[in-house]
Amino acid sequence: MPPKRRSKRPGLLSSTRPPTVKSKHATLSAKATRTLIRSHHQLLKARTQAEQAGDDALVSSINAQIEANGGLESYQIASKIGQSGERGGDSSKTLVDWIKPQLNEWKTTLPKLRVLEVGALSTKNVCSRTPSLEVSRIDLNSQEPGILKQDFMERPLPSTEEEKFHIISLSLVLNYVPDPVGRGDMLKRCVQFLTSNCPISLPPTLFLVLPVACVDNSRYLTEERLLAILASLGFHLVETRRTSKLIYQLWNYTGVSSPQSFKKEMLNPGHKRNNFAIIMGES
Ligand SMILES: C[S@@+](CC[C@H](N)C(=O)[O-])C[C@H]1O[C@@H](n2cnc3c(N)ncnc32)[C@H](O)[C@@H]1O
């Protein structure tokens, strides 16, 4: 009797470790997507620590592991899958829903509101399809012609109000930054790119999305601490929303800051917690 032919249905990538995305059209299970994203973050963090320790051999070995996992491109593909409707969807829909009352004031005779989308993976998300918004998209690795390859931390500072933005989106970007000081610097830098010179009654706005574990399950960051950090920079929380995985927040910049330093200090002890932290000096 001839051997039974095996089904041609491909197995899930989650059954292989480490998961690697080879083509832009590869399909990853939800679990494999999460594993790939988590592993990329862990490798970035380990690389930063090796760099800080001056261990060049370890840096090279971690770089090789990042590449073996498919690099930033595979990470972005996994993140894009996460943006699909069935996996939680496009976070910019929440941003647009929240500012809809103000956007309704907008008329075609007015200039569009400038949005800086840091960590942009798509030119077709909800904010890009909103007629009153003009979106400038940047990412460390551009996936499409409408996305500029640029590190926000290296973007030249604006020299005029017109070069600034009414809204900055940091959706799942702050948690990508591998070290706590860099995260504080990123939040501080946002202030320099925001303008209150707006054609409608929308204050300068920061849209922040983080994995909920960053504030619920970290030894060094809580929602309260995040609020204190952003308040010290002059931000006021106006909207917040949670899903089982993500926390979405809308912050208005008031212009009234009270510089304070925030160290990495134990707020929430527990051996099962993570080490996500934001450090900020007073300057
Ligand atoms: C998880 S993806 C988030 C994608 C999308 N914003 C979302 O909400 O699904 C994080 C992206 O942030 C980008 N990124 C991280 N740090 C950045 C920086 N300093 N400047 C520009 N892009 C950055 C990464 O390259 C990556 O594509």
Side-chain angles (χ1 to χ4, degrees), residues 19 21 24 28 30 32-45 47-48 63 66-67 69-98 115-129 133 135-144 146-157 165 167-193 206-214 241-243 245-250 276 278:
V21 183
K24 288 199 176 188
L28 286 171
T33 304
R34 282 197 302 275
T35 305
L36 195 152
I37 288 174
R38 196 179 309 122
S39 146
H40 188 78
H41 284 169
Q42 283 164 350
L43 287 167
L44 288 185
K45 193 174 152 192
R47 185 174 67 186
T48 302
N63 278 338
I66 291 174
E67 281 317 303
N69 280 4
L72 177 53
E73 198 165 346
S74 291
Y75 169 84
Q76 288 180 320
I77 293 166
S79 300
K80 257 183 153 167
I81 294 171
Q83 284 184 347
S84 64
E86 69 273 22
R87 302 269 180 90
D90 162 15
S91 65
S92 78
K93 181 176 182 317
T94 298
L95 165 64
V96 172
D97 283 348
W98 275 341
V115 180
L116 177 63
E117 190 183 359
V118 182
L121 295 183
S122 160
T123 55
K124 297 173 192 70
N125 58 2
V126 170
C127 72
S128 295
R129 289 187 270 115
L133 302 177
V135 185
S136 300
R137 305 171 200 88
I138 62 170
D139 199 287
L140 296 175
N141 177 48
S142 167
Q143 298 257 350
E144 287 184 41
I147 303 170
L148 176 68
K149 180 177 160 71
Q150 185 179 61
D151 181 344
F152 176 53
M153 303 310 288
E154 308 275 316
R155 185 182 173 95
L157 290 176
F165 297 88
I167 301 167
I168 296 180
S169 167
L170 288 184
S171 171
L172 297 174
V173 174
L174 198 65
N175 57 300
Y176 185 94
V177 178
D179 74 299
V181 174
R183 293 179 196 130
D185 290 344
M186 183 175 265
L187 289 176
K188 263 190 198 164
R189 195 170 177 81
C190 286
V191 171
Q192 296 178 279
F193 282 87
L206 172 66
F207 178 62
L208 186 64
V209 183
L210 286 171
V212 83
C214 293
R241 168 185 170 230
R242 277 164 173 263
T243 63
K245 302 219 167 55
L246 302 178
I247 177 159
Y248 302 72
Q249 294 180 327
L250 196 74
F276 189 81
I278 300 175

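We count ligands from 1, going down the list as the structure has it; atoms in each ligand are counted the same way. The first residue in the sequence is number 1, and the count goes up from there.
Taking the six-membered ring where tryptophan is involved, the planes of Tyr248 and Phe207 are tilted, since the angle between them lies from 30° to 60°. Under the 30°/60° scheme for interplanar angles, the aromatic rings of His41 and Tyr176 are found to stand perpendicular.
Using a 4.0 Å heavy-atom cutoff, Met186 is listed among the residues neighbouring ligand 1. Under a 4.0 Å heavy-atom criterion, Val173 is in contact with ligand 1. Under the 4.0 angstrom criterion for non-hydrogen atoms, Gln150 is in contact with ligand 1. Residue Leu121 places a heavy atom under 4.0 Å from ligand 1.
Within the 4.0 Å heavy-atom criterion, the part of Leu72 lying near ligand 1 is the side chain and not the backbone.
For ligand 1 and Ser91, the ligand atoms under 4.0 Å from any heavy atom of the residue are 8 (O). Close contacts of ligand 1 with Phe152, meaning ligand atoms under 4.0 Å from a residue heavy atom, involve 18 (C), 19 (N), 20 (N), 21 (C). Set against the non-hydrogen atoms of Gln76, the atoms of ligand 1 under 4.0 Å away are 25 (O), 27 (O).
Remark: the backbone N or O of Val126 is paired with a side-chain donor or acceptor of Asp90 at under 3.5 angstrom.
Considering backbone and side-chain atoms alike, Gly119 places an N or O below 3.5 Å from some N or O of ligand 1. The shortest N or O to N or O distance between Ser171 and ligand 1 is below 3.5 Å. Residue Asp151 has at least one nitrogen or oxygen atom sitting less than 3.5 Å from a nitrogen or oxygen atom of ligand 1, judged on distance alone.
Scored by the salt bridge (charged side-chain N to carboxylate O under 4.0 Å, His left out) test, Asp97 finds Lys93, Lys100 as partners (sequence neighbours excluded). Legend: residues meeting side-chain contact (heavy atoms from CB on, under 4.5 Å) with Asn141, ordered by chain and number and at least two apart, are Leu72, Glu73, Gln76, Asp139, Gln143.
Atom 13 (C) of ligand 1 has its nearest heavy-atom neighbour, among Asp139, Asp90, Ile138, in Asp139.
Each of Asp151, Leu140, Leu174, Leu170 was compared with Val118 under the side chain to side chain contact (heavy atoms under 4.5 Å, CB included) criterion, and only Leu170 meets it.
Taking the charged nitrogens against the carboxylate oxygens, Glu144 and Arg137 have no contact shorter than 4.0 Å, which rules out a salt bridge.
For the pair Leu44 and Pro178, the tightest heavy-atom approach, listed with the atom from each and the gap, is O-CB, 3.6 Å.
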